[in-house]
Amino acid sequence: MLKIVTENIVKLLSILCVITITGLTVIVFTQVFSRFINFSLPGTEELARLLVIWLTFLGSSLAIHEKMHLGVRYFVSLVSEKYQRFIDLFIHILMIIFFSIISVYGFKLTMAAMDTTSSTLQLPMGLYYVVIPVSFVFSIYFVVIDILHPSPGSKGEVSL
Amino acid sequence: MIITILILFFTLLFLGMPIAFTIGSVSLIALIFGDISLELMVQRMFAGVNNFSYLAIPLFVLAGNIMGQGGLTKRLLALADALVGRFSGGLGMTAVVTSAFFGAVSGSTVATTYAVGSVIVPRMKEQKYSNSFIASIIGPAGVLGLIIPPSITMVILGITANISIGKLFIAGFLPGILLTTVLCIYISIMSKRKGFGVIEKTTFSASEFIKICREAFLPLMAPVFILGGIFSGLVTATEAAVIAVIYGFILSIFYRELSLKKFREIMVSSALTSAIIIIIISFANVFTYVLTANEIPGKISNFFLQFASTPLQFLIMVSIILFILGTLTEVTSLIILLSPIFMPIAIQYGIDPIHFGMVLVMNFALANITPPVGLSLIAGCSITDKEMGIEKTFPYVLHIIGIVAFVVLLIIFIPEISTVIPNLFE
């Protein structure tokens, strides 16, 4: 049951990732192209910023599931496995508390910003903020799943 | 205050909390103790991301990933092989030169290590290179992806330290060529002494060589388009990134190397790679607030002004600090957290921002290969042998670190290496 829920959340987030990154490519390409034919599309910059914000927060929660977040595992790997599990649990609980606080205040901010609209596109600003509480709720879910069913990570494969 | 923040920060980091959330939770705790409304946390997180320039990050990541898997690597490798393969240690040098070529189409170190390593490591093993030597050169060769433009590190540095990204790109050329050359010389000497790669030397007839050049022509046009576009002022860095995405996409269709499923995977992994970088920037924006509220940047600045009386002393102190931090932490967060603090101080010392930017970039490259926490080195090990620990790379990796440190010193002492080409474009 839990597994099906997880699979569906992962699928949803992956699709949103594909949509946002494709959207960004298309928008910037349109911008370059339209400049060369001397035609400007209003609001593209704002839409692009919206997509970057969505990409960042949603991607960050999926990255928790994929264990892609950058971190320093070296020192933890020096102690025995029993202690490792204990340390991981401690860190996971801290993360859940941290994410909960962000979710709550992110939700408050979203509600407060529903009445104001963005400058060009006239979208409610809440639409920009709402991705923060939503993503961190997903993040909490993924951390809980990781506590219940720890899986080996692929840490250290992403860097610049 | 600063001591408490530092202790908390390193404790959480070393206990394995991801760096983004370490920065975030330390900031949150500081806000709580400073009795500041926590809504500010979310506002600053949001403001940190709400910036048009950050578009360049996902686009360059995507471009690099498409190029890495779209069949460009083997064509670039064939060219590198034709150029340096005939000398002693030829295949080792080929690995470095391919990484340099690949660095000119991709902006990431680990992507470079994986793309080049997956093709060349099996061949190096056949030619009797020891695993320890392979891992020591294939990981560090990947940092050429960071030094040679385009470079995602430079994009982040440009944004956070407020330097022209285009100029940083141009500045990276000479240091990149310099490091490539020095690494090749080292590999050649070491291979001769240890008897690596003596089985066969690749030789080419003239007609074969022309064919290889023709094959590598389209991949090599990528940097021409990207950098040519930026340098000529026709497009911005962000727009150049989108051109790179489209060009890489067309090439991989042309080479028939990307299935639709593979392409979808690349998009998701590029989105995630970008997200984990930008989320660090997002939390760092809260952290910067905490630091500024406690007047810490000013204290850091005073510290330098007190102990470093000349620009040169300042650069060396910065390098030593980054070297120490670089062995213990991950590089991207160092750029994001420290460059906005260091840059204004460098300007006070009268250092050219491009020169300082390049010194930072070279130090970040070095931080990527210093154990125990050096992600390029770890990538080099994992691609050589899944079970290989970084301690197995000794002693060769120490030579490489020495070589890169030597190049860092050259960049510090001779500003012209960084500034001469950007100044041509003034």
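The chains referred to below are lettered A, B, ... by the order of the sequence lines, with proteins before strands, and numbering in each begins at 1. As the structure is a computational prediction, the values presented were derived from the model and not from experiment.
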Could you tabulate the donor-acceptor pairs under 3.5 Å formed by side-chain atoms of residues 123-138 of chain A, not counting sequence neighbours?
| unit_1 | atom_1 | unit_2 | atom_2 | d |
| --- | --- | --- | --- | --- |
| Tyr128(A) | OH | Glu46(A) | OE2 | 3.2 |
| Ser135(A) | OG | Phe57(A) | O | 3.4 |
| Ser135(A) | OG | Leu58(A) | N | 3.4 |
| Ser135(A) | OG | Val131(A) | O | 2.7 |

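Contact annotation for Ile246(B): only side-chain heavy atoms (C-beta onward) come within less than 4.5 Å of a heavy atom of chain A. If you measure heavy-atom distances from Ile64(A) to chain B, the contacts under 4.5 Å come from the side chain alone. Only the side chain of Leu28(B) comes within contact range of chain A, with at least one heavy atom under 4.5 Å from a heavy atom of that chain. Looking at Val42(B), both its backbone and its side chain come within 4.5 Å of chain A, counting heavy atoms on both sides. Of the atoms belonging to Leu62(B), it is side-chain heavy atoms, and not backbone ones, that fall under 4.5 Å from chain A. If you measure heavy-atom distances from Met41(B) to chain A, the contacts under 4.5 Å come from the side chain alone. When heavy atoms are compared at a cutoff of 4.5 Å, Ile101(A) approaches chain B solely by way of its side chain, counted from C-beta outward. Proximity to chain A (any heavy atom under 4.5 Å) is restricted, for Leu59(B), to the side chain, taken from C-beta onward. In this structure, the portions of Ser25(B) lying under 4.5 Å from any heavy atom of chain A include both its backbone and its side chain. When heavy atoms are compared at a cutoff of 4.5 Å, Val373(B) approaches chain A solely by way of its side chain, counted from C-beta outward.
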### Task
Mind running ring-ring contact (aromatic ring centres under 6.0 Å, His included) on Tyr74(A) and Phe14(B) for me, showing each step along the way?
CA-CA 8 Å; Tyr74(A) 175 75; Phe14(B) 292 162; 9.4 Å; no
#### Entry: Test log, rule side chain to side chain contact (heavy atoms under 4.5 Å, CB included), inputs Val49(B) and Val52(A)
CA-CA 8 Å; Val49(B) 184; Val52(A) 172; 4.2 Å; yes
### Query
Passes side chain to side chain contact (heavy atoms under 4.5 Å, CB included), Phe21(B) versus His69(A)? Steps please.
CA-CA 9 Å; Phe21(B) 307 134; His69(A) 277 284; 3.7 Å; yes
### Query
side chain to side chain contact (heavy atoms under 4.5 Å, CB included) between Ser14(A) and Met267(B): does it pass, once the steps are laid out?
CA-CA 9 Å; Ser14(A) 313; Met267(B) 304 239 273; over 6 Å; no
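Partners of Phe33(A) by ring pair (Phe, Tyr, Trp, His ring centres under 6.0 Å), not counting sequence neighbours: none found.
For the pair Ser60(A) and Ala275(B), the tightest heavy-atom approach, listed with the atom from each and the gap, is N-CB, 3.5 Å.
Atoms OG1 and CG, from Thr56(A) and Asn50(B) in turn, are 10.5 Å apart once rounded to the nearest 0.5 Å.
Enclosure of atom CD in Gln122(A) by more than 12 non-hydrogen atoms of other residues, nucleotides or ligands within 6.0 angstrom is indicated. Atom CZ of Phe52(B) has more than 12 heavy atoms from other residues, nucleotides or ligands within 6.0 Å. Applying the 6.0 Å contact sphere to CZ of Phe107(A) captures no more than 12 heavy atoms from other residues, nucleotides or ligands.
Centroid-to-centroid, the aromatic rings of Phe98(A) and Phe283(B) come within less than 6.0 Å.
Ranked by non-hydrogen atom pairs under 4.5 Å with chain B, the options Thr25(A), Leu94(A), Asp88(A) are led by Thr25(A).
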